[in-house]
Amino acid sequence: MLNIAQSADEAVSVITEGSTVLIGGFGTAGQPIELIDALRRHGAGNLTVVNNNAGNGDVGLAALLGAGLVTRIICSFPRQVDSYIFDELYRSGKIELEVVPQGTLAERIRAGGAGIAGFYTRTSAGTPLAVGKESRVFEGKEYVLELPIRGDFALVKAHRSDGMGNLVYRKTARNFGPIMAAAANASIVQVSEIVETGALDPEIIVTPCIYVDTVVQIDADATHGKARA
Amino acid sequence: MLNIAQSADEAVSVITEGSTVLIGGFGTAGQPIELIDALRRHGAGNLTVVNNNAGNGDVGLAALLGAGLVTRIICSFPRQVDSYIFDELYRSGKIELEVVPQGTLAERIRAGGAGIAGFYTRTSAGTPLAVGKESRVFEGKEYVLELPIRGDFALVKAHRSDGMGNLVYRKTARNFGPIMAAAANASIVQVSEIVETGALDPEIIVTPCIYVDTVVQIDADATHGKARA
Amino acid sequence: MSFHTVENLDAAPLDRDAMAKLVAQDIPANSFVNLGIGQPTKVSDFLSSDSGVILHTENGMLGMGPQAVGDAIDLDLINAGKIPVTELPGTSYFHHADSFAMMRGGHLDVCVMGAFQVSAKGDLANWSTGGDDAIPAVGGAMDLAVGAKDVYTMMTLFAKDGSSKLVPECTYPLTGLGCVSRIYTDVATFILENGAVYVRETFSVSLEELRSRVPVELLTYP
Amino acid sequence: MSFHTVENLDAAPLDRDAMAKLVAQDIPANSFVNLGIGQPTKVSDFLSSDSGVILHTENGMLGMGPQAVGDAIDLDLINAGKIPVTELPGTSYFHHADSFAMMRGGHLDVCVMGAFQVSAKGDLANWSTGGDDAIPAVGGAMDLAVGAKDVYTMMTLFAKDGSSKLVPECTYPLTGLGCVSRIYTDVATFILENGAVYVRETFSVSLEELRSRVPVELLTYP
């Protein structure tokens, strides 16, 4: 049954030391920044974080890293012009990094939610990122065996939720949200608006409520996108 | 670029002898019956058909089988109270049958469209349907290696298409349509209505136009569902 | 959960409705549930609207409502048994791969299926009688068997020839290994835990009679 | 396609805009195309609106329009380079797993990427210079390399030290094996077919000069 939290701090209060946390977003689109900030305040440490990137500037995920709460990160593109907090942690050996091609990252998360124990992909075959991984030839081409990623928790930003936790997203802010919600034991979702159950057309729901545990409404004005239609 | 056919017969005229044809639908919901009938009239034989079932009564897929055009069928549930045409062909050795668990069938088709060369699933492990298949233990449990299914053609029924071939479906008629459209070299889709490009909300499109080759509008009154909203 | 074994010697054997009602009562509130085709479909008739139970149907719907009648019948809106159904507020639709990902990924709390045989270890046989002449057809049974957190089965305990369908090892082709957690039958309900079979209650028969006819060690709760 | 090798000795080397324009002209009409971040993004400026080319961006959009400016900027609507963009009629959105399934499944006709090195066999190196101190970061490059039917690369032909980036074997870490079909550079364009490298045209340099500086056998079309 959906838990509707009154604040981001309340929503993340269940996250425990040593958890694996899947964090949605690609750039600022779909980034659950209020939840990430609340997680930093919450202070549970020794976290493994799964995100496409490794933080920008000194806000959001970068600040979570800067607070020393993350010991391992799985991502596709850590190095950015303003990823200086991650860069410093990495170079000083304070954070462990697993780099995964972006599509393999997405498919591993999807597999985690879908009960797939492993899959073979062409991506990275013959490259340094396949070193140490099992590979196999199908129809004359080499494929790499990749394993699922699951999270204890997911932090996701969606556009709207109904009272049961059915979610819709907005434009490219959808990105990792649906697959992360499905791959976590408990999904915590910030939305711009909670609408009455039945107000969302069943045909347009992207994340069915079975994948959502906690929802918190964060005032749209406080989020970083343009005002939402 | 989308081909808009003027009739079901024109739409299926590209299908050649010996093709593998993915056919959508679960029961009558989402069953592209006018396309199936046109394929029977077209007469290309030695087909491999992938469908959840093996036909009912003496219409649609059952009639296609009855016309002797199908030499192999991959499905999850061939035997039904009124699958007498299939039953007779099977018992007389005139059709080859591959039975696949329904979820494995769906996931194999999804893999076919998604460039996944194989995946490990718990489904069927330890059962007769896993005999002859490779299996492997992950975290103490046995999983079966399953391979992708692709089609030369897909016959799909959707609700609406825009002028580019973006599709939306209707209720449980969605079933196999989206994954079959993605897993075929050429997808042929019957819709109740073709609307102007831009008339479908980008957030609600289920099958992006990249997966659709040919669309044909079939008068909604001629289809077997209730009049569509 | 803690149980207490009860012998209801004076009770009649459960008919199909009574069995469905018992299963419905046992489904935890707010569960996500899949009811297999055939007899288990009847369970929905006994789920109270305030139970919060949400029904999944593997052809691509979460939040399924009761069977549709009259004008509400829409052939685009059917359940896995191909029976027209209705949608409830909060329903969502998805394609087959997403629907079975939901099952296989372990997101459903309970599924209820019929059974030909269940073994003491929870192995399930419900898709084929293995006859030479049988046309194999499995549907979603194997996916449900491995996917749901709990698999409840419904069957008569004894076959027409009087033999027990709760067996040391299934002789019919298997649907899934070690997946069944509860067996609801006309004359007793069984809880399977850690490879052991407990009798939770009997209807019309004694434990002694059960033990004489079921070739599996039957434990009881204190 | 049949080509005819041309030496444009009097032409200037192509600048970034000219290279982008050439790539845009070569993309077949009505193709589904992904333009990599950085230099390839510029190709979209030269795609005519009647080309029918439909742009995919791997963060989850098909039918991407031009860069957004002013009031059209919406931070929920960005491309893979995290630049605000617009949507065109017929746009669709999807999640990351569906987006990369579209790539990996071979549905895109063309992708255009930058390159550090390309080998004569079409191996691509464009994600890491392999420095000891480098922080690895790959993004979607490896997925694009294996997914698109045709991979076009854009680069200057020679590195700052004068060495050729078209090489017998890549020395930088690989992005994908045998995936590149065309190489657009400032001084020449190359077509890779069946393990052989053909010069399609040169700009400012002669074939003879190219052959003296590029350590790969360069074939020509008649």
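In the text below, chain A, chain B and the rest are named by the order of the sequence lines, each starting its count at 1. Just so you know, these numbers come straight off a predicted model, no measurement behind them.
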Please identify which of these residues, A/T172, A/N53, A/N56, meets the side-chain hydrogen bond (donor to acceptor under 3.5 Å, both in side chains) condition with D/K82. A/N53
Taking atom [atom1] of [X] as the centre, report whether more than 12 heavy atoms of other residues, nucleotides or ligands fall under 6.0 Å from it.
| X | atom1 | answer |
| --- | --- | --- |
| D/F32 | CZ | yes |
| D/N194 | CG | no |
| D/K149 | NZ | yes |
| A/K133 | NZ | yes |
| A/R72 | CZ | yes |

Shortest non-hydrogen contact from A/Q102 toward D/D143: N-OD2, 3.4 Å
Closest heavy-atom contact between A/P128 and D/P173? CG-CB, 3.6 Å
For [X], which atoms come within 4.5 Å of any heavy atom of chain D: side chain, backbone, both, or neither?
| X | answer |
| --- | --- |
| A/R108 | neither |
| A/F86 | side chain |
| A/L97 | side chain |
| A/Q31 | neither |
| A/V100 | backbone |
| A/F26 | both |
| A/A54 | neither |
| A/R110 | side chain |

To the nearest 0.5 Å, what is the distance between [atom1] ([X]) and [atom2] ([Y])?
| X | Y | atom1 | atom2 | result |
| --- | --- | --- | --- | --- |
| A/N175 | D/N59 | CG | CG | 7.0 Å |
| D/D76 | A/K171 | CG | NZ | 8.5 Å |
| D/Y93 | A/R174 | OH | CZ | 9.5 Å |

Using a 4.5 angstrom heavy-atom cutoff, name the option from [options] with the most pairs to chain A.
| options | value |
| --- | --- |
| D/D98, D/D123, D/L144, D/V138 | D/V138 |
| D/M103, D/R104, D/E87, D/M61 | D/R104 |
| D/T175, D/T91, D/I135, D/T57 | D/I135 |
| D/A101, D/A97, D/G139 | D/G139 |

Relative to chain A, which segment of D/S128 carries a heavy atom at a distance below 4.5 Å: side chain, backbone, both, or neither? neither
Okay, D/N79 and chain A: the region with an atom under 4.5 Å from a heavy atom over there is backbone
Carboxylate-amine/guanidinium contact D/D74 A/R170, below 4.0 Å: yes
Are A/L129 and D/W127 close enough, and set up right, to give a side-chain contact (heavy atoms from CB on, under 4.5 Å), and what steps lead you there? CA-CA 11 Å; A/L129 292 189; D/W127 72 285; 3.8 Å; yes
For chain D, which of A/G103, A/A106, A/A29 has the most heavy-atom pairs under 4.5 Å? A/G103
Among A/S76, A/S83, A/A173, which residue forms the greatest number of heavy-atom pairs with chain D at distances under 4.5 Å? A/S76
Do A/E107 and D/H96 pass the side-chain hydrogen bond (donor to acceptor under 3.5 Å, both in side chains) test, and can you show the C-alpha distance, the side-chain angles, and the key distance before you say yes or no? CA-CA 8 Å; A/E107 189 68 11; D/H96 246 74; over 6 Å; no
Side chain to side chain contact (heavy atoms under 4.5 Å, CB included) partner of D/V146, the single match among A/T123, A/T127, A/T121: A/T123
